[in-house]
Engineer: 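One structure coming up, written as structure tokens, with questions to follow.
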2 protein chains.
Amino acid sequence: MQSRTSAGRAGRPRSAAADAAILAATRAALVELGWSRLTLGDVATRAGVAKTTLYRRWAGKNELVVDAVAELFDELRLPDRGTLAADIEGVVLQFAALLARPEAKSGLMAVLAESTRDDALRERIRASIVDRQKRLVLEGRARAQQRGELPLETDPVEAARTADLIFDVVAGAVVHRELISAEPVDEEWVHSFTRLLLLGLSG
Amino acid sequence: MQSRTSAGRAGRPRSAAADAAILAATRAALVELGWSRLTLGDVATRAGVAKTTLYRRWAGKNELVVDAVAELFDELRLPDRGTLAADIEGVVLQFAALLARPEAKSGLMAVLAESTRDDALRERIRASIVDRQKRLVLEGRARAQQRGELPLETDPVEAARTADLIFDVVAGAVVHRELISAEPVDEEWVHSFTRLLLLGLSG
DNA sequence: GTATTACGCTACGACTCGTAGCGAAAGCTT
DNA sequence: AAGCTTTCGCTACGAGTCGTAGCGTAATAC
């Protein structure tokens, strides 16, 4: 028979405080050193744990950084600003502010680069980061449909395709502007972008 | 007084063949190993040159991979397909095909990640890769204006802003679809995307 | 022919990696 | 309380990579 506590495992449980300290130390190291100079030994020292403890919990640098960055995306919300246009502008500005943080920038891009050759890593990123953003698109559409700003979808397959398209356009444009063009995602840009997007969706 | 050959430098000139071999070897190593496992010693061996030769020409892994990937972007052209919509679809498919190659994927994303903490590297990427794509946007607009499909711009500042926006939307959406959503940029997607973009620009 | 630069090769200290082994600590179970 | 189980911190280790220095040789400009 299985115990009811700690998933039935006996023995000393893993320290939750250590987890938090390690992830915070990882983000701090990303800010100071960037991806390439970040070493797991350094992270362990910063977090005040032994290097072996770190290797017991994460398979490597990739997985660790994914988890460290994923926590940042917990902050994303979809505020109700009354209209679809205002909702889009709000969430885009939020997303851009997140991407402007150096730990998010360098960490996210680096693990995405690694994920091009590692399917398990890509799935991990999708589950803990990308899907979290995608939900905002779905929520935003549902809210706009309730308001009557968007027509109700008839074909669910087509609806999913459109949602995917919007997601790639919105997230892609913000990421490209911020990380590749390296120019600010300010209110003026967001306003122009939102106008383009809504016009494009009006057909 | 300066000589007319080889930029006036005396002595044995650098081998152009070595340059080509090194860049080709870098791409091959990117395909087989990806960014993180790629070592300069391995590239030197593949290229048939000494490791020291490599270090005499490039400051490090970042700069080498930028140059190796930049050569791939030389292939990008803007074919004249008769209409703006067809031109966009053509160039987007071309860009997507380029990004689908593993050496472009992993190499480009990795140096972009590093560039978030290295301004000189970002400038190198901009000059040798990004601007080359951006020119396609400017050419496409000029061609469309000649055809009368787009109005002539009056304010040059506003025109530049719009071009930047289009560039971020197009390149960003394709990159996001291909590298983050990890779904194919096929003709159906390109068609939907082009429709959204042109509708959005019609205002 | 001579000066000058590039090249291949070897060797090197410094660093990081990921793992193994150990004794001690912490919590669950009875 | 006693015993069992797992985690933790620490140390040490071989393997691999890094970037550089030094040397003799090759190739070109003058």
Side-chain angles (χ1 to χ4, degrees), chain A residues 1-26 29-30 32-67 110-111 114 117-118 120-121, chain B residues 1-26 29-30 32-65 67 110-111 114 118 120-121:
Chain A
M1 178 142 178
Q2 181 171 339
S3 161
R4 269 143 257 120
T5 58
S6 287
R9 297 169 56 92
R12 175 177 179 177
R14 287 189 173 171
S15 161
D19 260 47
I22 290 170
L23 293 176
T26 303
L30 276 175
E32 287 184 31
L33 307 172
W35 164 266
S36 59
R37 299 184 189 176
L38 179 150
T39 69
L40 295 199
D42 181 58
V43 169
T45 304
R46 288 170 189 263
V49 303
K51 192 172 58 161
T52 43
T53 297
L54 219 154
Y55 276 102
R56 285 189 195 103
R57 304 185 184 203
W58 283 277
K61 198 169 160 176
N62 293 335
E63 291 77 10
L64 173 62
V65 170
V66 170
D67 287 3
V111 293
E114 291 302 311
R117 301 195 47 79
D118 184 341
L121 182 62
Chain B
M1 182 150 172
Q2 180 172 337
S3 161
R4 267 145 257 118
T5 58
S6 287
R9 297 171 55 93
R12 175 178 178 176
R14 288 188 172 171
S15 160
D19 259 48
I22 290 170
L23 293 176
T26 302
L30 276 175
E32 287 184 30
L33 307 173
W35 164 265
S36 59
R37 298 184 190 180
L38 179 149
T39 69
L40 295 200
D42 182 58
V43 169
T45 303
R46 288 170 189 263
V49 302
K51 191 172 60 161
T52 43
T53 297
L54 220 156
Y55 276 102
R56 285 188 193 103
R57 304 185 185 203
W58 284 277
K61 199 169 159 177
N62 292 336
E63 291 76 8
L64 173 63
V65 171
D67 287 4
V111 294
E114 290 301 310
D118 184 339
L121 183 62

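Note that these values count all heavy atoms, side chains included, but never hydrogens, waters or copies made by symmetry. Proteins come first, then strands; the chains are lettered A, B, ... in the order of their sequence lines, and each starts at number 1. If you're wondering where the values come from, they're calculated on a predicted model, not measured in any experiment.
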Engineer: Determine whether a donor-acceptor pair (one donor, one acceptor, N or O, separation below 3.5 Å) exists between the side chain of B/R14 and the base of C/dA6.
Structural biologist: no
Engineer: Which part of the nucleic acid, if any, lies within contact of B/S15, taking any heavy atom under 4.0 Å across all strands shown: a base, the sugar-phosphate backbone alone, or nothing?
Structural biologist: sugar-phosphate
Engineer: Measure from the side-chain N and O atoms of A/R117 to the backbone N and O of B/E32, and report whether any donor-acceptor pair falls under 3.5 Å.
Structural biologist: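 Yes, the answer is positive, given that a donor and an acceptor are paired below the 3.5 Å cut-off.
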Engineer: Among D/dT28, C/dG18, D/dT20, find the nucleotide with the atom closest to the side chain of B/Y55.
Structural biologist: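 The answer is D/dT20, which lies nearest to the side chain.
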Engineer: Would you kindly check whether a donor in the side chain of A/R12 faces an acceptor in the base of D/dT7, or vice versa, at under 3.5 angstrom?
Structural biologist: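 Side chain to base: pair found, below 3.5 Å.
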Engineer: Using a 4.5 Å cut-off on heavy atoms from C-beta on, say whether the side chain of B/R14 contacts that of B/R56.
Structural biologist: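 Yes, at least one pair of side-chain atoms sits under 4.5 Å.
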Engineer: If I take atom CG in residue A/D19 and atom C1' in nucleotide D/dC8, what distance separates them, rounded to the nearest angstrom?
Structural biologist: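 Spelled out: CG on A/D19 to C1' on D/dC8 is 13 Å.
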Engineer: Tell me the interatomic distance from A/L54, atom CG, to D/dC10, atom C1', rounded to whole angstroms.
Structural biologist: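 That distance rounds to 15 Å.
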Engineer: Do you know the tightest heavy-atom contact between B/L121 and B/E114?
Structural biologist: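 Here B/L121 and B/E114 meet closest at CD2-CB, 3.7 Å.
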Engineer: Tell me if the CZ atom of B/R57 is crowded by more than 12 foreign heavy atoms within 6.0 Å.
Structural biologist: yes
Engineer: Using whole Å, report how far CD of A/E63 lies from C1' of C/dG18.
Structural biologist: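 Distance check: A/E63 CD to C/dG18 C1' gives 14 Å.
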Engineer: Can you find a donor-acceptor pair, distance only, under 3.5 Å between A/T52 side chain and D/dC10 base?
Structural biologist: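 Yes, a donor-acceptor pair under 3.5 Å.
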Engineer: In this structure, how many angstroms lie between the P atom of C/dG18 and the CG atom of A/L40, rounded?
Structural biologist: 6 Å
Engineer: If you go through the side-chain atoms of B/R56, does one of them form a donor-acceptor pair with the base of C/dA6 closer than 3.5 Å?
Structural biologist: no
Engineer: So, does the side chain of A/K51 form a donor-acceptor pair with the base of D/dG9 at under 3.5 Å?
Structural biologist: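 Answer no: no donor N or O sits under 3.5 Å from an acceptor.
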Engineer: Starting at atom CZ of A/R37, determine the distance to atom C1' of C/dC17, rounded to an integer number of angstrom.
Structural biologist: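 After rounding, the reported distance stands at 18 Å.
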Engineer: Check whether any side-chain heavy atom of A/V65 sits under 4.5 Å from a side-chain heavy atom of A/W58, and report yes or no.
Structural biologist: no
Engineer: Between P on C/dT19 and CH2 on A/W58, what's the gap in Å once rounded to a whole number?
Structural biologist: 16 Å
Engineer: In whole angstroms, how far is the C1' atom of C/dT16 from the CG atom of A/L38?
Structural biologist: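 So the CG-C1' distance, A/L38 to C/dT16, works out to 12 Å.
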Engineer: Ignoring the backbone of A/A50, work out which of C/dC7, D/dC8, D/dG9 is nearest its side chain.
Structural biologist: D/dG9
Engineer: How long is the line joining CZ of A/R57 and P of D/dT6, in whole Å?
Structural biologist: 16 Å
Engineer: Which comes earlier along DNA chain D counting from the 5' end, the contact point of A/G48 or that of B/T39, where each point is its nearest nucleotide?
Structural biologist: A/G48
